[in-house]
Visitor: 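First the structure, then my questions, so here it is.
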Amino acid sequence: MRCDKYKEMLSARLDGELTEFETWELDSHLATCPDCRAFAAELDHISDLNRSTGTESLPADVEDRIMTRIDNAKNARKGWRVFSGYYRIPRTVVWIGSLVLAVLLYDALSGSNHMNTIIPGHGDAVSENSQTRKIVLTEKDVVERRVFTASKDHL
Amino acid sequence: MDGDNSLTFTDVFNEYKDRTFDFAVKMLGDRDAAGDIAQEVFVRLYTKMTDHYRITDIKSWLFILTRNLCLNKIRDRCHEVPLSAVSDNPGDHSDRDRHRQIELRRALLALEPEYREALILREYQGFSYTEIAEILGTTVPAIRALLYRARCRLRETYRQTSFMG
């Protein structure tokens, strides 16, 4: 258990991550501990083997595949210049704009339906013109309408 | 190089293509799978760069993404080590050294992914503790302890599979 601390220090020493004090402390311990010296020799051996292993290079065919995919991505983006490059419209703005447009469209459509459902107070016949023009009800119309509805309910 | 906005995709690609691929090969022990991952990483990088996505540290970003894709791959296929893959790149060494390197790489591939990635980043890629901590999303003291445990585990596994034991 006592040696664990020094073994961890040995590992950190391999990576050049020991402080000056830790180096002194470790060297003092190694002078008196054959077990830790053996551990250090083994770690050094493994680390040397690891570090002498060659590195892998990206194969040419993989590089070609990457470049092909990038060329395809470039071509696909040419048709969408509004959304890319220096003059692009930020996506957030596009989404907000679409949302506002949708709300306005909905409002316009539901507004026209609402106009169609208004029944003018003067008689129940709805002329063709009444569907397209705004109808302003006067106080008299409202009173008459209430009387009309009440009498209907009464029946 | 890090945080330099004037870098082009080609600069980054030429600088890191081999290191990224090497990291994936050592994580997976499979050159084909590592090639697929390198492809995915650089296509995503290209998309981010053309979208003017701000990447403050390209090196860390590349290795974080490569690491995540490797871990996904390992999880997906309950990874088995293809033995052909570990002997592909022996380097310029004697037969005995070459044999030991192959044994060591087998031992490395038999480690748990968290030990393997820490060792690869330190021993093969030469990252500092601070950089490894950033890539693995932890602290420097934790990396120091992790590397110690990883080396102990590698030593045990290597002993079992080599002349050393």
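Bear in mind that the values here come from a model prediction, so they are computed numbers and not experimental data.
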Visitor: Is B/Tyr148 reachable from B/Ile132 through a run of I, L, V, M, F, W or Y residues, each pair having side-chain heavy atoms under 4.5 Å apart?
Guide: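 No: no chain of side-chain contacts under 4.5 Å links B/Ile132 to B/Tyr148.
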
Visitor: Would you sort out whether B/Tyr158 and A/His45 count as a side chain to side chain contact (heavy atoms under 4.5 Å, CB included), showing the intermediate values?
Guide: CA-CA 11 Å; B/Tyr158 179 58; A/His45 171 72; 3.8 Å; yes

Visitor: Can A/Ile46 be reached from B/Tyr124 by stepping across I, L, V, M, F, W or Y side chains whose heavy atoms are under 4.5 Å apart?
Guide: yes

Visitor: For B/Tyr129 and A/Ala12, which heavy atoms make the closest approach, and how far apart are they?
Guide: OH-CA, 3.5 Å

Visitor: Is the backbone N or O of B/Val43 less than 3.5 Å from a side-chain atom of A/Arg69, with the two atoms forming a donor-acceptor pair by type?
Guide: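 Side chain of A/Arg69 to backbone of B/Val43: no pair is present.
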
Visitor: Whether A/Asp4 and B/Arg149 form a salt bridge (side-chain N of Lys/Arg under 4.0 Å from carboxylate O of Asp/Glu) is what I want to check.
Guide: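 Between A/Asp4 and B/Arg149 there is no salt bridge, as every charged N stays at least 4.0 Å from the carboxylate O atoms.
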
Visitor: Nearest 0.5 Å, what's the CD-CG distance between A/Glu8 and B/Leu146?
Guide: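 Nearest 0.5 Å value for the CD-CG distance: 10.5 Å.
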
Visitor: Can you tell me which residue among A/Leu49, A/Asn50, A/Thr53 is in a side-chain contact (heavy atoms from CB on, under 4.5 Å) with B/Arg105?
Guide: A/Thr53

Visitor: Kindly say whether A/Leu58 contributes a backbone atom to a donor-acceptor pair with the side chain of B/Asp18 at under 3.5 angstrom?
Guide: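 Pair found, side chain donor or acceptor close to backbone of A/Leu58.
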
Visitor: Looking at CZ of B/Phe9 and CE of A/Met67, how far apart are the two atoms once the value is rounded to the nearest 0.5 Å?
Guide: 5.0 Å

Visitor: Report whether A/Ile66 and B/Leu45 are members of the same hydrophobic cluster (ILVMFWY, side-chain heavy atoms less than 4.5 Å apart, transitive linking).
Guide: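 Yes, one cluster joins them.
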
Visitor: How close do A/Pro59 and B/Arg31 get, heavy atom to heavy atom, and via which atoms?
Guide: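 Taking A/Pro59 first and B/Arg31 second, the nearest heavy atoms are CG-NH2, 3.7 Å.
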
Visitor: Heavy atoms only: give me the nearest B/Tyr46-A/Ala73 pair and the separation to one decimal.
Guide: CE2-CB, 4.1 Å

Visitor: When hydrophobic residues are tied together by side-chain contacts of less than 4.5 Å, even through go-betweens, does A/Val62 share a cluster with B/Met27?
Guide: yes

Visitor: Answer yes when B/Arg144 and A/Glu17 have at least one side-chain N-carboxylate O distance shorter than 4.0 Å, and no when they do not.
Guide: no

Visitor: What residue in A/Leu14, A/Ile70, A/Leu10 has the most heavy-atom pairs under 4.5 Å with chain B?
Guide: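 Answer, by heavy-atom pair count under 4.5 Å with chain B: A/Ile70.
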
Visitor: Output the option from B/Arg151, B/Lys17, B/Glu40 having the highest count of non-hydrogen pairs under 4.5 Å with chain A.
Guide: B/Arg151

Visitor: Quick check on B/Leu147 against chain A: is it the side chain, the backbone, both or neither that has a heavy atom closer than 4.5 Å?
Guide: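 Contact with chain A: backbone and side chain both.
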
Visitor: Taking all non-hydrogen atoms of both residues, which atom of B/Gln101 and which atom of A/Ser52 are closest, and how far apart?
Guide: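 The answer is NE2-OG, 2.9 Å.
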
Visitor: Among B/Arg122, B/Gln125, B/Arg19, which residue has the highest count of heavy-atom pairs closer than 4.5 Å to chain A?
Guide: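 Maximum pair count with chain A is reached by B/Arg122.
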
Visitor: For the pair B/Lys26 and A/Glu56, evaluate salt bridge (charged side-chain N to carboxylate O under 4.0 Å, His left out) and give the outcome as yes or no after the intermediate values.
Guide: CA-CA 9 Å; B/Lys26 288 186 169 84; A/Glu56 304 275 351; 5.6 Å; no

Visitor: Determine the option with the most heavy-atom pairs under 4.5 angstrom with chain A, choosing from B/Ala145, B/Ala107, B/Ala34.
Guide: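 Most heavy-atom pairs under 4.5 Å with chain A: B/Ala145.
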
Visitor: Any ion pair linking A/Asp48 and B/Arg100 (charged N to carboxylate O, less than 4.0 Å)?
Guide: no

Visitor: Is chain A contacted by the side chain of B/Phe13, its backbone, both, or neither, given a heavy-atom distance below 4.5 Å?
Guide: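 The side chain, not the backbone.
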
Visitor: Starting from A/Leu18, can I reach B/Ile143 by hopping between I/L/V/M/F/W/Y residues whose side chains sit under 4.5 Å apart?
Guide: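 Hydrophobic grouping puts B/Ile143 apart from A/Leu18.
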
Visitor: Please walk me through it: do A/Phe39 and B/Arg155 pass side chain to side chain contact (heavy atoms under 4.5 Å, CB included)?
Guide: CA-CA 10 Å; A/Phe39 182 79; B/Arg155 175 174 155 261; 3.5 Å; yes

